2 protein chains.
Amino acid sequence: MEPYRSILQKRGYRMTPQRIAVLRVMAEFGRHMTPIEVFQQAQQELPGMTEPTVYRTLNFLSEQGLLLAAHVGSGQFVYEIALRDHHHLICRECGEALEIGHELLAQLYENLKNQTGFQINSMHVTFFGLCPGCQEKKPSAQISDNSSTAGQQSG
Amino acid sequence: MEPYRSILQKRGYRMTPQRIAVLRVMAEFGRHMTPIEVFQQAQQELPGMTEPTVYRTLNFLSEQGLLLAAHVGSGQFVYEIALRDHHHLICRECGEALEIGHELLAQLYENLKNQTGFQINSMHVTFFGLCPGCQEKKPSAQISDNSSTAGQQSG
DNA sequence: ATCCTTATTGCAACTAGTTGCAATAACTAA
DNA sequence: TTAGTTATTGCAACTAGTTGCAATAAGGAT
Ligand SMILES: [Mn+2]
Ligand SMILES: [Mn+2]
Ligand SMILES: [Zn+2]
Ligand SMILES: [Zn+2]
């Protein structure tokens with residue numbers, strides 16, 4: 001926990017029991033968690049803790065790079081402890097999820113840098129589509145109906 | 001509006017005054033809008049319309065590919081009429097936003113298909129980073145502090 | 001050890017978004 | 001046209017997430 005403390009202090013922020021509780025929970029579980037889940041767990045670590053503080057803490061720690069945030073599926077926000085840069089592929093049909101390393105996006109980010117000047121640093125992107133299994137079941141609605149007026153599904 | 005109607009009907013859904021109102025608003029404004037904005041505008045088109053219906057309609061039309069959804073900045077969901085496939089680059093520092101065509105991501109999606117089998121169809125992805133201007137002001141915190149424990153900011 | 005500055009919290013009230021369910025009304029088919 | 005099926009809506013209650021502000025306490029300095 002002390003490394004986290006020094007990171008924050010160097011930037012003029014403070015380490016608090018509430019932030020420790022959240023970091024502890026995130027480190028212990030090591031997976032995507034909703035704010036509500038974090039709140040429930042953090043309350044066990046630190047009984048007095050309130051909901052607004054959890055939301056603010058999750059947001060703050062994400063900004064500081066200690067946590068990763070992501071939208072998965074139905075627009076719910078989830079968080080996880082930041083250890084390795086990675087991204088996610090999720091099947092719109094069955095929900096199957098796959099984790100991929102950042103290497104696969106490195107070239108894209110470099111191209112974007114060259115063509116737009118933007119230095120992209122999104123290290124936890126979620127892509128949606130169809131998993132191999134669900135592609136078979138669906139007769140690839142690629143060109144058939146959408147083409148005229150509409151584009152494609154959301155991201 | 002009739003083309004939209006036939007798209008939905010072919011899939012077993014119905015065109016309603018509420019859906020027409022939302023589509024009208026989205027087509028008229030032609031930009032990213034929050035659900036609340038859409039609600040206020042749609043109410044003018046169709047006075048009786050309620051909030052839950054707007055949320056459900058936005059979600060439904062996104063699933064059907066008639067609208068695009070995206071998360072921009074502070075986790076707020078925005079929608080826009082689906083005309084052309086595109087993505088967004090947003091500066092974390094000053095908020096500057098840039099639109100890019102899908103061609104820039106096509107190669108990535110092809111690589112993902114080859115390496116994972118997933119057929120990605122996210123046609124409205126938002127990437128965060130630093131615009132050219134803000135890169136100068138910030139001494140590129142690339143390696144300096146984050147490296148040991150933490151990863152990078154959220155996406 | 002004590003004081004001081006101000007980042008951070010808790011509270012309470014608020015806004016945003018979701019859900020179950022009965023009533024409504026598109027569309028289909030006679 | 002009319003009747004029937006059921007997708008969709010409105011309502012109301014609910015859950016999720018945000019915000020202003022005064023009270024608290026972390027960490028630097030003495
Ligand atoms: Mn993840
Ligand atoms: Mn857009
Ligand atoms: Zn699948
Ligand atoms: Zn900028």
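This structure is a prediction, so every number in the text was calculated from the model and none was measured. Every chain is numbered from 1, with letters handed out A, B, ... down the list of sequences.
- Checking the phosphate oxygens (OP1, OP2) of C/dC27, a side-chain nitrogen or oxygen of B/Arg5 falls inside 4.0 Å.
- Aromatic ring orientation, A/His87 versus A/His102: tilted (interplanar angle from 30° to 60°).
- Side-chain N/O atoms of B/Glu110 and B/Asn114 include no donor and acceptor closer than 3.5 Å.
- Distance A/Leu8 CG to D/dG27 P: 9 Å, rounded to the nearest Å.
- Spacing between atom OH of A/Tyr55 and atom C1' of C/dT8 amounts to 19 Å, rounded to whole angstrom units.
- Atom CZ of A/Phe77 is separated from atom C1' of C/dG17 by 15 Å (rounded to the nearest Å).
- Contact between the side-chain N/O atoms of A/Thr53 and the OP1/OP2 oxygens of C/dG10 is found at a separation under 4.0 Å.
- The side chain of A/Arg56 places no N or O atom within less than 4.0 Å of a non-bridging phosphate oxygen (OP1 or OP2) of D/dT18.
- The shortest distance between the side-chain N/O atoms of B/Gln18 and the OP1/OP2 oxygens of C/dA26 is not below 4.0 Å.
- One atom, CZ of B/Phe60, and another, C1' of C/dT18, lie 18 Å apart when rounded to the nearest Å.
- B/His88 and B/Glu99 share no donor-acceptor pair across their side chains, judged by distance under 3.5 Å alone.
- Atom CD in A/Glu51 sits roughly 12 Å away from atom P in C/dG10 (whole-Å rounding).
- B/Gln64 and B/Arg11 share a donor-acceptor pair across their side chains, judged by distance under 3.5 Å alone.
- Summarising the geometry, the separation between CE on B/Met49 and P on D/dG10 is reported as 7 Å, rounded to the nearest angstrom.
- Of the side-chain N and O atoms in B/Thr16, none sit less than 4.0 angstrom from OP1 or OP2 of D/dA7.
- For A/Thr50 and C/dC11, the shortest distance from a side-chain N or O to OP1 or OP2 is not below 4.0 Å.
- Between A/His124 and A/His86, the ring planes lie perpendicular to each other; the angle is over 60°, past the 30° to 60° tilted range.
- Evaluation of atom-type donor-acceptor distances gives a pair under 3.5 Å for the side chain of A/Arg14 against the base of C/dT6.
- Rounded to an integer number of Å, the gap from A/Met15 CE to C/dA7 P is 17 Å.
- The distance from atom CD1 of B/Ile36 to atom C1' of D/dT18 is 13 Å, rounded to the nearest whole Å.
- In the set C/dC11, C/dT19, D/dG17, C/dC11 carries the atom at the smallest distance from any side-chain atom of A/Pro52.
- Neither OP1 nor OP2 of D/dA7 sits under 4.0 Å from any side-chain N or O of B/Gln9.
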